[in-house]
Amino acid sequence: MQKKLLTTAVAATLLAPALALAQSSVEVYGTINMAAGYFKYSQGTAANTPAVSKWDVAQGASNVGVRGRETLGGGLSAWFQIETNTPMERSNDIAITPASRNSAVGLQGNFGNVFIGQWTSPWADLDALWSIGTVGFWGPVTSIIGRRETTGTAPNANCVNGHVSGTPGLAASTCNAVEAAGGVGHPFWRRPSQSVLYQSPVFSGMQFKALYQTNEGKSTTGVVANPYMYSTSLQWAGMGGRARVGVAYDRHHDFTSVNNSDTGWAIKGGWNFGVVDVGLAYERMTYKTVNSDCKATQYGVAVAVPVGQGAIRASYSVAKDIEGSYTGAQTAIDTVGGSCGATPTAAAPTNDNGAKEWNVGYDHRFSKRTTVGFGYAVIKNDAGAQFTWTGAPPVQNGSSGSANAATTPFVGSDPSTYYVSITHRF
């Protein structure tokens with residue numbers, strides 16, 4: 001009997017490495033998301049910005065990544081993910097940087113999921129609940145809803161690439177870290193780096209998420225600032241996935257002016273009636289400037305009507321004028337130097353800096369991995385606005401209408417496109 005037990009113990013010891021290997025997994029994955037079409041920028045507010053039309057091949061959020069998971073026992077797993085942007089059409093000079101998208105390492109168990117790295121915020125994650133009205137990537141999310149998008153660390157007022165407005169700084173050097181945008185109108189759709197995240201288990205269809213972006217840019221000389229942010233959300237899905245709703249709350253400290261916090265809240269969700277799926281979104285932000293508050297409101301509706309193996313999809317969204325006496329174009333990417341209470345300019349009239357976006361199209365799902373579609377999308381910018389989509393081509397001058405981004409339209413110019421898109425997942 002003792003000999004049999006000894007033999008069993010030795011065998012278990014020898015097999016342990018093999019069993020551990022069997023409980024580990026690593027995979028390569030990715031998404032190719034591209035479109036070809038006819039793009040137009042209308043006449044801008046300024047006289048020297050005539051309309052231009054052109055053909056373009058664009059890509060939206062194409063990526064490749066590697067991820068893995070190891071079972072540690074007792075219901076505990078360790079996991080990692082490294083995901084990188086893949087600009088398939090290479091229309092810019094931005095280098096392909098590893099881990100430029102959702103990348104992190106963490107532990108997951110009965111307590112939930114805890115991880116550190118760079119990841120989309122709980123605020124941004126809510127868009128999956130309602131944004132069913134887009135074919136390809138020409139839609140309301142990260143154009144109107146979310147007020148564009150940004151990735152990186154918190155703004156730093158002591159760097160030449162800093163995004164904090166309203167407070168003079170040394171601005172003597174370039175930050176080593178990639179900074180995300182700040183200032184009046186900055187995006188609340190964010191992928192914060194240097195972050196700690198928690199996702200609870202799902203209880204009766206409900207889940208809580210929280211993110212804290214660390215204050216690695218805190219300074220005690222020059223401009224004394226302590227930039228950091230946190231983002232939280234609570235979402236629920238039920239009735240077999242037909243009903244879904246979520247709320248989010250964000251606080252961004254020292255992102256627009258020092259010693260002040262920008263705040264925002266959002267509610268998003270949808271209902272699938274079978275013959276039509278409907279999504280709704282509403283969000284409200286308050287930007288704290290030196291003089292007063294600037295308030296921004298966006299809302300949208302999306303629909304998807306099943307047709308065979310595909311769907312007709314459409315969206316309509318609105319960014320209302322910023323409330324308050326605001327000067328400077330509402331770029332929705334990086335408005336620097338703007339403050340409420342200042343004198344408006346002719347190029348960016350006060351209370352004329354909102355926009356409307358709508359899109360309609362059809363996509364056909366050939367398989368779980370491949371979808372092909374076509375459609376039309378347009379953004380109608382007010383005289384003081386510059387909203388656009390990520391992936392848009394160069395503007396009227398063939399390069400850039402703004403120092404803040406290579407494809408930001410000139411103030412008041414309306415981007416629009418007819419396109420055919422293809423998405424392939426692997």
Side-chain angles (χ1 to χ4, degrees), residues 29-41 53-64 83 85-92 101-102 120 124 127-146 148-149 189 191 270 276-279 281 300-317 332 355-380 387-395 405-409 414-426:
Y29 70 95
T31 302
I32 300 171
N33 200 15
M34 300 193 70
Y38 186 72
F39 212 95
K40 180 181 179 180
Y41 290 102
S53 299
K54 60 184 73 180
W55 292 94
D56 184 52
V57 171
Q59 72 87 28
S62 295
N63 61 82
V64 63
E83 187 174 292
N85 279 317
T86 308
M88 300 289 293
E89 35 81 35
R90 296 297 294 150
S91 61
N92 55 49
R101 291 174 56 85
N102 283 3
T120 47
D127 285 317
L129 301 179
W130 83 280
S131 59
I132 39 80
T134 300
V135 174
F137 46 88
W138 306 116
V141 175
T142 70
S143 58
I144 300 293
I145 303 300
R148 299 290 285 116
E149 61 176 308
W189 196 107
R191 184 181 288 111
V276 60
D277 194 358
V278 179
V301 58
V303 296
V305 180
V307 178
Q309 290 183 237
I312 298 171
R313 302 182 187 275
S315 298
Y316 174 75
S317 58
K356 298 178 177 66
E357 190 271 356
W358 66 270
N359 58 275
V360 62
Y362 171 80
D363 63 12
H364 183 86
R365 194 158 192 175
F366 286 91
S367 67
K368 292 182 179 180
R369 297 168 56 187
T370 303
T371 302
V372 176
F374 62 89
Y376 173 76
V378 62
I379 294 176
K380 294 291 187 179
F387 286 90
T388 189
W389 301 281
T390 299
V395 296
T407 58
T408 300
D414 302 333
S416 62
T417 180
Y418 294 94
Y419 63 93
V420 175
S421 65
I422 181 169
T423 301
H424 181 76
R425 306 167 186 85
F426 61 91

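Annotation: the span from D277 atom CG to R313 atom CZ amounts to 8.5 Å, rounded to 0.5 Å. Here the OH atom belonging to Y41 is positioned 9.5 Å from the CD1 atom belonging to I379, to the nearest 0.5 angstrom. To the nearest 0.5 Å, atoms CD (E89) and CG (D56) are separated by 6.5 Å.
Across N102 and E83, no two heavy atoms sit closer than the pair O-CB, 3.2 Å. Residues S315 and A302 share a closest heavy-atom pair of OG-CB, 3.6 Å. The two residues P415 and T388 come nearest to each other via the heavy atoms CG-OG1, 4.1 Å. Annotation for K54 and P394: closest pair NZ-O, 2.8 Å, computed over non-hydrogen atoms. Minimum interatomic distance between A355 and F387 (heavy atoms only, all atoms of both residues): CB-CD1, 3.4 Å. Here the shortest heavy-atom pairing between S416 and Y376 reads CB-OH, 3.8 Å.
Between the side chain of Q309 and the backbone N or O of R365, at least one donor-acceptor pair lies under 3.5 Å. The backbone N or O of T142 sits less than 3.5 Å from a side-chain atom of R148, completing a donor-acceptor pair.
Note on ring orientation: taking the six-membered ring where Trp is involved, the planes of W389 and F39 are perpendicular (angle over 60°, cut-offs 30° and 60°).
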For F426 and R369: C-alpha separation, side-chain torsions, deciding distance, then whether side chain to side chain contact (heavy atoms under 4.5 Å, CB included) applies. CA-CA 7 Å; F426 61 91; R369 297 168 56 187; 4.0 Å; yes
### Task
Any chance you could lay out the side chain to side chain donor-acceptor pair (under 3.5 Å) test for N33 and S62, step after step, and finish with the verdict?
CA-CA 5 Å; N33 200 15; S62 295; over 6 Å; no
**Asked** For T120 and R101, what are the C-alpha separation, side-chain angles and deciding distance, and is it a side chain to side chain donor-acceptor pair (under 3.5 Å)?
**Response** CA-CA 8 Å; T120 47; R101 291 174 56 85; over 6 Å; no
How far apart are the C-alpha atoms of W358 and K380, what are their side-chain angles, what is the distance that settles it, and do they pass the side chain to side chain contact (heavy atoms under 4.5 Å, CB included) test?
CA-CA 9 Å; W358 66 270; K380 294 291 187 179; 5.5 Å; no
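Atom OH of Y418 is surrounded by 12 or fewer heavy atoms from other residues, nucleotides or ligands within 6.0 Å.
With respect to R425, the side-chain contact (heavy atoms from CB on, under 4.5 Å) criterion is satisfied by exactly one of I32, T371, T370: T371.
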Please report, to 0.1 Å, the donor-acceptor pairs under 3.5 Å made by any side chain of residues 128-140, with sequence neighbours excluded.
from, atom 1, to, atom 2, distance (Å)
W130, NE1, D127, OD1, 3.0
S131, OG, D127, O, 2.6

